[in-house]
**Q** 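One structure coming up, written as structure tokens, with questions to follow.
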Amino acid sequence: EVQLVESGGGLVQAGGSLRLSCAASGFTFDDYAIGWFRQAPGKEREGVSCIYSSHGSTYYADSVKGRFTISSDNAKNTVYLQMNILKPEDTAVYYCGALNAQFGNNCLHWLDEYDNWGQGTQVAVSS
């Protein structure tokens with residue numbers, strides 16, 4: 001059974017940091033990219049960052065470049081999202097998803113092809 005489990009969300013003041021984790025199981029980790037997406041109330045789900053597990057290529061939304069860092073521990077089948085200098089506009093439910101790595105050339109561009117999602121973790125940034 002494919003499972004993605006997010007953790008690490010919480011409430012933080014603007015300028016603070018959080019680290020999200022996405023623990024994956026039930027599939028061959030190296031065959032997939034793992035993406036972080038977020039959805040704020042009343043807004044569509046948007047891509048934040050993603051990483052191809054096999055070769056480590058990473059991609060970021062312009063809104064988080066320089067503040068967020070994605071990394072992967074392939075031995076633990078876990079992807080992390082280190083979020084620094086958080087802003088109130090980062091407030092959202094953050095989801096991780098798995099994308100078959102056959103979809104190359106920027107895993108953030110393939111939202112509709114992600115076929116497994118976690119339950120989400122809430123991130124709230126106060127001003």
Side-chain angles (χ1 to χ4, degrees):
E1 179 189 2
V2 175
Q3 273 197 320
L4 296 167
V5 180
E6 302 99 334
S7 61
L11 173 63
V12 65
Q13 288 188 330
S17 298
L18 285 172
R19 189 177 81 154
L20 306 184
S21 299
C22 173
S25 61
F27 59 94
T28 303
F29 194 67
D30 284 356
D31 290 345
Y32 283 78
I34 301 296
W36 284 99
F37 292 77
R38 65 188 181 187
Q39 189 163 19
K43 294 188 176 182
E44 294 186 350
R45 190 170 294 192
E46 63 172 355
V48 175
S49 182
C50 63
I51 183 168
Y52 286 91
S53 303
S54 62
H55 51 77
S57 295
T58 59
Y59 299 87
Y60 297 92
D62 288 343
S63 59
V64 306
K65 281 181 182 176
R67 300 189 297 123
F68 291 10
T69 302
I70 193 169
S71 61
S72 178
D73 185 337
N74 288 18
K76 296 182 178 180
N77 285 6
T78 299
V79 170
Y80 304 97
L81 185 68
Q82 178 67 43
M83 307 187 296
N84 298 328
I85 317 176
L86 282 161
K87 303 176 180 180
E89 51 263 44
D90 294 319
T91 295
V93 178
Y94 283 69
Y95 300 89
C96 64
L99 172 74
N100 193 300
Q102 67 180 331
F103 296 100
N105 297 325
N106 195 339
C107 32
L108 285 182
H109 291 172
W110 299 103
L111 173 59
D112 290 344
E113 304 300 336
Y114 279 75
D115 51 13
N116 287 286
W117 294 94
Q119 80 288 351
T121 185
Q122 176 72 53
V123 171
V125 184
S126 62
S127 57

**Q** Does the Gln119 side chain pair with the main chain of Val5, one donor and one acceptor, at a distance under 3.5 Å?
**A**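 No, because the side chain of Gln119 does not come within donor-acceptor range (under 3.5 Å) of the backbone of Val5.
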
**Q** Would you say Ser17 and Asn84 are linked by a side-chain donor-acceptor pair, where the criterion is simply a distance under 3.5 Å?
**A**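 A donor-acceptor contact under 3.5 Å links the two side chains.
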
**Q** Does Ser53 use its side chain to pair, donor to acceptor, with the backbone of Tyr32 at less than 3.5 Å?
**A**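 At least one qualifying donor-acceptor pair exists.
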
**Q** Decide yes or no for Glu46 and Leu111: does some side-chain heavy atom of the first lie under 4.5 Å from some side-chain heavy atom of the second?
**A**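 No, their side chains stay 4.5 Å or more apart.
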
**Q** Please confirm whether the backbone N or O of Ile70 pairs with a side-chain atom of Tyr60, one donor and one acceptor, at under 3.5 Å?
**A**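 Answer holds: yes.
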
**Q** Ignoring hydrogens and geometry, is there a side-chain-to-backbone donor-acceptor pair from Gln39 to Ala92 under 3.5 Å?
**A**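 No; zero donor-acceptor contacts below 3.5 Å.
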
**Q** I need the Asn74 CG to Ile51 CD1 distance, nearest 0.5 Å.
**A**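 The CD1 atom of Ile51 is 7.5 Å from CG of Asn74, to the nearest 0.5 Å.
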
**Q** Pick from Asp112, Asn105, Asn106: which one makes a side chain to side chain donor-acceptor pair (under 3.5 Å) with His109?
**A**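 Output: one option passes, namely Asn106.
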
**Q** Quick one: pull up OG in Ser126 and CG in Leu86 and give me the separation to the nearest 0.5 Å.
**A**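 Ser126 atom OG to Leu86 atom CG measures 10.0 Å (nearest 0.5 Å).
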
**Q** Starting at OH of Tyr95, measure out to OG1 of Thr121 and round the result to the nearest 0.5 Å.
**A**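 The distance works out to 10.0 Å.
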
**Q** Is the side chain of Ser49 donor-acceptor paired with the backbone N or O of Tyr59 at a distance under 3.5 Å, no angle test?
**A**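 Present.
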
**Q** Is the closest side-chain heavy-atom distance between Leu20 and Met83 below 4.5 Å?
**A**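 Yes; the side chains approach each other to less than 4.5 Å.
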
**Q** Tell me whether Tyr114 contacts the main-chain N or O of Cys96 through its side chain, where contact means a donor paired with an acceptor under 3.5 Å.
**A**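 Between the backbone of Cys96 and the side chain of Tyr114 there is no qualifying donor-acceptor contact (under 3.5 Å).
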
**Q** Please lay out, stage by stage, how Phe29 and Val79 fare under the test side-chain contact (heavy atoms from CB on, under 4.5 Å).
**A** CA-CA 10 Å; Phe29 194 67; Val79 170; 3.7 Å; yes

**Q** Using the ring centroid of each side chain, check whether Phe37 and Trp117 are separated by less than 6.0 Å.
**A**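 Judged by ring-centre distance (under 6.0 Å), Phe37 and Trp117 do meet the cut-off.
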
**Q** Do the side chains of Asp90 and Lys87 get close enough for a salt bridge, i.e. N-O under 4.0 angstrom?
**A**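 Salt bridge between Asp90 and Lys87, a charged N being under 4.0 Å from a carboxylate O: no.
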
